[in-house]
Structures are given as structure tokens and as C-alpha cells.
Amino acid sequence: MHTPFMNMTFCVRTFGCQMNKHDSERIAGMLEGLGGLMVDTVEEADILIYMTCCVREAADTRLYGQVASLKNIPVRSGSPLSKRIVAVGGCIGQRDGDELTKKLPHLDVVFGTHNLASLPHLLQAAIEEGGHQVEVLDASSSFPTELPTSREHSWAAWLPITIGCNNFCTYCIVPYVRGREKSRPIEDIVVEAERYVAAGVKEITLLGQNVNSYGRDLYGSPRFAQILKALDETGVERLRFATSHPKDLSDEVIAQFGSLRSLMPALHLPAQSGSDRILQLMNRRYTSAHYRQLVSKLRDACPDIALSTDIIVGFPGETEKDFMDTARLVDEIGYHQVFTFIYSKREGTPAASMEDNTPHEVIQKRFDRLVDIVQAHAFEKNQLDLGATIPVLVEGSSKRDELLIAGKSPKNQTVHAPVPAGKTPEQLAGSIVNVRINEAKTWYLAGDIVE
Ligand code: 5AD
Ligand code: SF4
């Protein structure tokens, strides 16, 4: 076996979305296959890899801070390398390429979102030849062939079905750093899913920037609903997907929420705004009325469905009226969970050149008002499950208390319960237990495991 990373340790630090987390699992799988040993801390790592995100400015700033502070951390004793090798990949790698080595001169490797498979040879070149090793391609010509994966949990798997995005929402950098949308052939997806199910995976989460537009670039234009049906037939226990663009969510998929055995009753459907004027400026290509209609169809098909969303506050030119339209939408729909973001200007996107003169304090106040609405609904929604007995996929012990297990309900709520006598959370991890709910808070449910 070719093992260039024998006796070397590596650590992958991941920022951003599930796609990045999944790419990190592929990196771990590749390096482990080449003899490397994964470690948790920077101090122990001979090779340090950052998988970066540039969707908002905060993630950019964090990367620079972290990489700059590395200079003070010596290489571990016993390391076969005289100096730690530092690599940056993901969206910042793709966006900045060579420039990054000017800003951060002690970086060894920069790789883009299309160059995951090249990472081992870039690292090897950095170790053997030194200098800056940079590979940032504009696009991959087809869906990247399968790379090994080292999954974080043995019972859950992420499965990318599309990469890239064609939507060009005016605030968003993703289409520029992830390229045009490419779909993976249906047969490949099914084969990978079957392999996971055979290996004991209970939950599969399909990934794409907009899974709803799956297949438009493939021969015969297979539809996303066909993937859901085919994966249900693999016998997987729980099926989820992220993310959905409201303009492409079909009636066929909506109906599946009421009929497919394995499809969990939870949907993340980013609204971004409740103002039609702002939605148009964002190039979202739906109206708030269309969004409301989707929600009503979803609730008809699956009355218990838990909805979550993303909202951007402070898009350029957002007025008090626009914000109130958003607040009203969020209040009316009543989400289980809302990810709220303050607009962050991204150079190169159309919104970056739109007039933007709302003072930051005004935007911050709107944001805080929205968060109050969001939390009130999250609390209220969770109350509905008081007294219910819910199947919970156990993830391990709770961060709050080691004597509690933590897991996920079908609606994707976090559920806590005391560890039963004679068991450990680790033993239960990956199994589905029934929990009778006796406490409902804003961020979690709690109860007792019942037979
Ligand atoms: N500023 C703030 N939030 C953004 N998002 C994407 N781009 C920006 C930006 N420039 C948010 C959107 C998207 C989520 C992943 O990140 O709400 O759905
Ligand atoms: Fe960005 Fe819009 Fe594509 Fe989502 S759909 S990744 S928000 S451009």
C-alpha cells in the first residue's frame, strides 16, 4: 500500500455548511487511507487543514486570526516533520487562490473547491519540496468521482447529489466559489446509499445548494422526487435533505412528505425575506405569496411538518416596512427554527454595489426584534410535543450533562433523556429509542426513555 503520510498526524478544521463538513470527511478518508492519523487538536497535528467558508465576512476574519496565531504553536515532539504543514481549502481557497499566500506567507498549500482529490499530492509536494503549493481550478468537468469518506458518525451519512449553484442570489458568493450546478447520476447516488444502509447507516442527508433543481443537467432530466423515492426503497430509516430553493420545490416532493415512509417531517426552506421588493432585489424569483402557498401545501400534505428557514436582515436598502413584512412572515408561519443573519457585503456579488445606507444600529435592532419572534415560536412549537412519545436517534451524551443522552427527533429537535441504568450514551449512540417528553424548552425537548 502507498502510505506517504505514515507516522504523520493531521487535523481538519471546518467552517461553514454541511457541504464543507462532508468535504472534510472526504479529506479525512483520503489521508487515513494514505497512512495518516487523524487528531483533534492543532498542537498534535503535523498537518493542519482548514476547510473554509466565505458566505459571510465573520468566517473570513476567523480564518485569518486562526492561521496567524499558528506561528506560536510549535510542532509536536516526535513529529517526522520539522515544521507544521498548513493547508487552506474550501471557499476561501477557491476565491483567493495565490493571493492567500501573500496575506498568509506561512501557508504551505492552497486548494480550491474542485481540487479535493489533489490535496494528498499537494501536501506531499509541500513536505518534500517546500514553497507554496497552490491548485485552484475553475470548475470540475463532471461530478467528482468517489473519494473515500471517514464519517463523523457511523450511523449517519451525508450524500451530495448536486454541487454548485446556478441561482445567483444577489447577496451570495456561493455560485462564484462552487461553480455551476452539476448533478450526480441517480445510479451512483443509489449505489452509495445502498452501501451506507448495508453498513448500518440509519440516517442519510442528501446535500446540494438547491436539491430541488437536481437532474436538469442530466440526460432525461431525472427529478429530485425520483431520488427520494429510490432512496426510500433502499430501506434507510431516516431520509433528510438540504437545501431547498422555494422557487423549485415541486408539488411532487411536497406530496412525498405525506407519503414516503423514510422522509422525515422536517424541511429547511430558506425564505430570506418576507418583502416582495427585497426578494426581487435578491433575485430570489418567488414572492412572499408563493412562499406562503408552499407552506400551506406542505402543511396539508404533512400537518406535523417542522419548518425551518434562513432570514437575512439588513439587505441593502431594506426599509422598516420591508423588515416588518419579514417579521410578519416569520410570525405567521411559526417556524421550529430560524437561522438569522445580518447581511454581509461580499465583493463581486451584485448586492455589493447596491446603495446601502441603513445605520448598523438600526439593522441590529431589527435583528434583535426578529430573534425575539423566532424564539417565541420555537418555544411554542416545542410545547406541542409535551406528553408525546417520540423516536429519537441517539447521537451520544449531552454537552450539558454527561448523564443525559442527546439525540434527534424526526422533526430534527434535540432531545435529552437520562441514560438508562447499566448503559452508556456511547453504547446507545446510533440506536433509535422512544422518549416520552415531559419538558419542552426553546432549544430542546427532554423526557424519559420508555420501552
Ligand atoms: N450575508 C448574509 N447572509 C448570507 N447568506 C448567504 N449570503 C449571505 C450574505 N452575503 C445566508 C443565506 C443563506 C445562508 C446559508 O447564508 O440566508 O441561505
Ligand atoms: Fe447562494 Fe442563492 Fe445559490 Fe443558495 S440558491 S447558494 S443563497 S446563490
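Both counts, for ligands and for their atoms, begin at 1 and track the order of listing. Bear in mind the structure is a predicted one, so any value in this text is a computation, not a measurement. Count residues from 1 along the sequence.
Checking side-chain atoms of Gln226 against main-chain N and O of Arg223 turns up a donor-acceptor pair under 3.5 Å. No donor-acceptor pair closer than 3.5 Å links the side chain of Thr149 to the backbone N or O of Glu25. Looking at Arg261, its side chain does come within 3.5 Å of a backbone N or O of Val236 through a donor-acceptor pair. Between the Tyr64 side chain and the Lys103 main chain, no donor and acceptor come within less than 3.5 Å of each other. The backbone N or O of Gly314 sits nowhere less than 3.5 Å from a side-chain atom of Arg366 that would complete a donor-acceptor pair. A side-chain donor-acceptor contact under 3.5 Å links Asp108 to the backbone of Val86. With Asp248 contributing its side chain and His245 its backbone, the two residues share no donor-acceptor pair below 3.5 Å.
Around atom 3 (Fe) of ligand 2, the protein atoms of type N, O or S that sit closer than 2.8 Å are Cys165 SG.
At a 4.0 Å heavy-atom cut-off, ligand 2 touches Arg284 through the side chain alone.
Between Gly164 and Gln209, the closest heavy-atom pair is O-CG, 3.4 Å.
Taking the centre and axis of the six-membered ring of Phe323, the NZ or CZ atom of Arg369 falls outside the cone set by 45° and 6.0 Å.
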Show the numbers, then the answer: is there a side-chain hydrogen bond (donor to acceptor under 3.5 Å, both in side chains) between Ser213 and Glu181? CA-CA 9 Å; Ser213 54; Glu181 184 178 278; 2.7 Å; yes
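Ligand 1 is surrounded by Val55, Arg56, Tyr171, Gln272, Asp310, Ile312, Phe341, Ile342, Tyr343, Ser344, Arg346, each with at least one heavy atom closer than 4.0 Å.
In this structure, atom 7 (S) of ligand 2 lies nearest to the protein heavy atom Tyr171 OH, 3.3 Å.
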